[in-house]
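Heads up: the structure comes next, in structure tokens.
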Amino acid sequence: MSESAPVRRHSWAEPYKIKAVERIRRTTRAEREEALAQAGWNTFQLRSRDVFIDLLTDSGTNAMSAEQWAGLMLGDEAYAGSENFFHLKQAVQDVYGYPFVVPTHQGRGAEHIISQVLIKPGDVIPGNMYFTTTRLHQELAGGRFIDVIVDEAHDPLDESPFKGNVDLVKLRRVFDEYGADRIPYVSLAVTVNMAGGQPVSVANVRAVRALCDEYGIKLYLDKTRIAENAWFVRQREAGYQDAPVRQIVREICDLTDGAWFSGKKDALVNIGGYLALRDPQVFEDARNLCVVYEGLDTYGGLAGRDMEAMSIGIRESVDEDHLQARVGQVEYLGHALRDGGVPVVLPIGGHAVFLDAARFLPQVPQEQFPAQRLAGEIYLEAGVRSMERGIVSAGRNAETGEHNRPRLELVRLTLPRRVYTQAHMDVVAEAVLAVWDRRAAVRGLAMSFEPKHLRFFQARFTPLA
Ligand code: P71
């Protein structure tokens, strides 16, 4: 034994090693300038071959495990009653506790169906900050979304631990104003994507449930990133330090009437989603609409193999070693940027680091799309692809036609799960810091093409200088 003090190691590492690799391509600055111009300064319009490190989204971009890849071979490609559907249903029942499952091709398929089933024209749906596709489906069903998230969520510098929480005073005010007749459900998201991947506390979910019960209003959950939310609960909420993530996930689900889910995030697959329900009548109505829009209710637009991969991924999603590495990697990048002086949303979120474009480029007014421009500049710098989450994403007010003006003007650097290494994170941090150094010379953009729905996907821009 050595005489010296024992080495105390606090580091963690990814709980996996790499079996297959995929070559990615570096480009020259001239190539990137050409690619970005072709894309109309919209990172959604870039070809992936022109991207070196792709932090556009964590949606469907995850690396599957050997078990998931093996599961693909177990695909039972029957039109009806595929064995994989029953595996999926079992996984949802085991991990989340909902009895009924309606598979869909991805999250927005589930949002479409639940919105059509529950919302009637003139309804209002309170929720903890809008999400683009969620709100659109609520509006297409004749509803109007009302934001009831806590004020801290709109302040990038506020370091409150649960910036995804519902403001119960705001929620009660909406309940009092519209009543149970016009509020089909509360739309609760965990974690909150547009707030910066911020979590909701279990205590808050419990309080929302109690308020819903008082008014006879249902509570539906967007549980797309619930494992990451549960990880934060374990780190930050009193009384949960020793609680298994799986138990926290279950506790949140147990407080709700049903949920929609994009399997492309937590569940570590490339495609898939579903509705998870308790009410037999809502289930009947939903599975009936499923056959209209998605496919038979035992596949919902998915191949059998996709359902198998998702059912395995659901179980992997609540593995705490995985979550430590996943959230830890996001934190690593976030802290590298924060320590370099770059304005980021704090605390660092679960799936992404959000740059505060309003403080990064204060010289660019919001109607000249500072976050859109910043995403373009980061791509030009090093081939790193990110996503605007500001005024372009917020779209226009459905009634007045004016730009919605979100208080947050952000660029999202989103980390796919199990895909990139710490060295990739260093390259990303260096690229952003290089743009930070030359920020004073960066100008805005003009929008040259605006599509009708979800404009951020297909809009085109021209640089003002
Ligand atoms: C993300 C996405 C994918 C996306 C969607 C819209 C614009 C840009 C990128 C999708 C979500 C989500 C939440 C909380 C429902 C969906 C829809 N997120 N709820 O963050 O984050 O799921 O993509 O499977 O249809 O990049 P879907």
Side-chain angles (χ1 to χ4, degrees), residues 9-16 58 62-68 71 87-99 101 161-165 188-193 197-209 219 221-269 274 276 278 309-332 347-351 415 417-418:
R9 291 189 58 87
H10 298 283
S11 319
W12 46 267
E14 291 78 0
Y16 49 82
D58 63 333
N62 306 297
M64 292 206 295
S65 64
E67 286 77 10
Q68 287 176 295
H87 295 172
L88 173 63
K89 189 168 143 189
Q90 193 66 53
V92 173
Q93 289 173 345
D94 289 351
V95 176
Y96 309 110
Y98 299 101
V101 178
F162 292 105
K163 284 167 76 175
N165 278 356
L188 181 73
V190 290
T191 55
V192 182
N193 193 348
Q198 303 294 332
V200 178
S201 70
V202 177
N204 189 251
V205 182
R206 191 167 296 114
V208 170
R209 173 83 253 176
L219 177 57
L221 184 66
D222 181 337
K223 68 178 184 64
T224 293
R225 295 183 183 85
I226 192 171
E228 290 162 12
N229 197 101
W231 176 257
F232 284 126
V233 165
R234 192 180 144 103
Q235 307 305 309
R236 298 177 188 173
E237 187 164 356
Y240 287 93
Q241 274 59 50
D242 299 316
V245 158
R246 215 178 144 126
Q247 179 194 311
I248 300 168
V249 164
R250 186 58 188 268
E251 205 171 321
I252 295 170
C253 293
D254 284 351
L255 289 163
T256 69
D257 294 292
W260 60 91
F261 186 71
S262 167
K264 300 171 73 173
K265 287 81 167 172
D266 259 11
L268 298 155
V269 287
Y274 58 80
R278 289 187 209 291
M310 183 156 58
S311 56
I312 297 168
I314 285 169
R315 296 181 195 279
E316 292 179 359
S317 75
V318 289
D319 171 348
E320 284 152 21
D321 289 341
H322 156 64
L323 285 165
Q324 178 173 44
R326 191 286 184 280
V327 177
Q329 188 178 46
V330 179
E331 213 161 57
Y332 176 86
I348 304 301
H351 66 306
L415 300 201
R417 294 165 190 77
R418 311 191 292 206

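When reading the values below, keep in mind they use all heavy atoms of this one structure, side chains included, and skip hydrogens, waters and symmetry mates.
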Full working for side-chain contact (heavy atoms from CB on, under 4.5 Å) between Asn193 and Arg225: CA-CA 9 Å; Asn193 193 348; Arg225 295 183 183 85; 3.3 Å; yes

Partner residues of Ile348 under the side chain to side chain contact (heavy atoms under 4.5 Å, CB included) criterion, sequence neighbours left out: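 Checked Ile348 against side chain to side chain contact (heavy atoms under 4.5 Å, CB included); matches are Val330, His335, Val344, Leu346, Val353.
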
Those residues that, when tested against Gln324, pass side chain to side chain contact (heavy atoms under 4.5 Å, CB included) (two or more places apart):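 Counting only residues at least two positions away or on another chain, Gln324 forms a side chain to side chain contact (heavy atoms under 4.5 Å, CB included) with Trp12, Trp231.
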
Verdict with reasoning, Tyr274 to Ile314, per side-chain contact (heavy atoms from CB on, under 4.5 Å): CA-CA 12 Å; Tyr274 58 80; Ile314 285 169; 4.0 Å; yes

Rounded to the nearest 0.5 Å, what separation is found between the [atom1] atom of [X] and the [atom2] atom of [Y]?
X: Asp242; Y: Arg234; atom1: CG; atom2: CZ; value: 7.0 Å
X: Met310; Y: Phe261; atom1: CE; atom2: CZ; value: 7.5 Å
X: Arg209; Y: Arg206; atom1: CZ; atom2: CZ; value: 12.0 Å
X: Leu323; Y: Glu316; atom1: CG; atom2: CD; value: 11.5 Å

Please name the pair of heavy atoms, one in [X] and one in [Y], separated by the smallest distance, quoted to 0.1 Å.
X: Glu67; Y: Ile312; value: O-CD1, 3.5 Å
X: Arg250; Y: Gln93; value: NH1-O, 4.0 Å
X: Val202; Y: Leu255; value: O-CD1, 4.4 Å
X: Val200; Y: Phe162; value: C-CD2, 3.6 Å
X: Ser317; Y: His322; value: O-CD2, 3.9 Å
X: Lys223; Y: Asp266; value: O-OD2, 4.3 Å

Check: Asn62 main-chain N/O paired with Arg418 side-chain donor or acceptor under 3.5 Å: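 Absent.
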
N/O donor-acceptor pair under 3.5 Å between Gln68 side chain and Ala309 backbone: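 Confirmed, Gln68 side chain pairs with Ala309 backbone.
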
Check ion pair Glu228-Arg417 (N to O, under 4.0 angstrom):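 Answer for the salt bridge query: yes.
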
Option among Lys265, Arg326, Lys264 that satisfies the salt bridge (Lys or Arg N to Asp or Glu O under 4.0 Å) test with Asp58: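 So the option named by the test is Arg326.
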
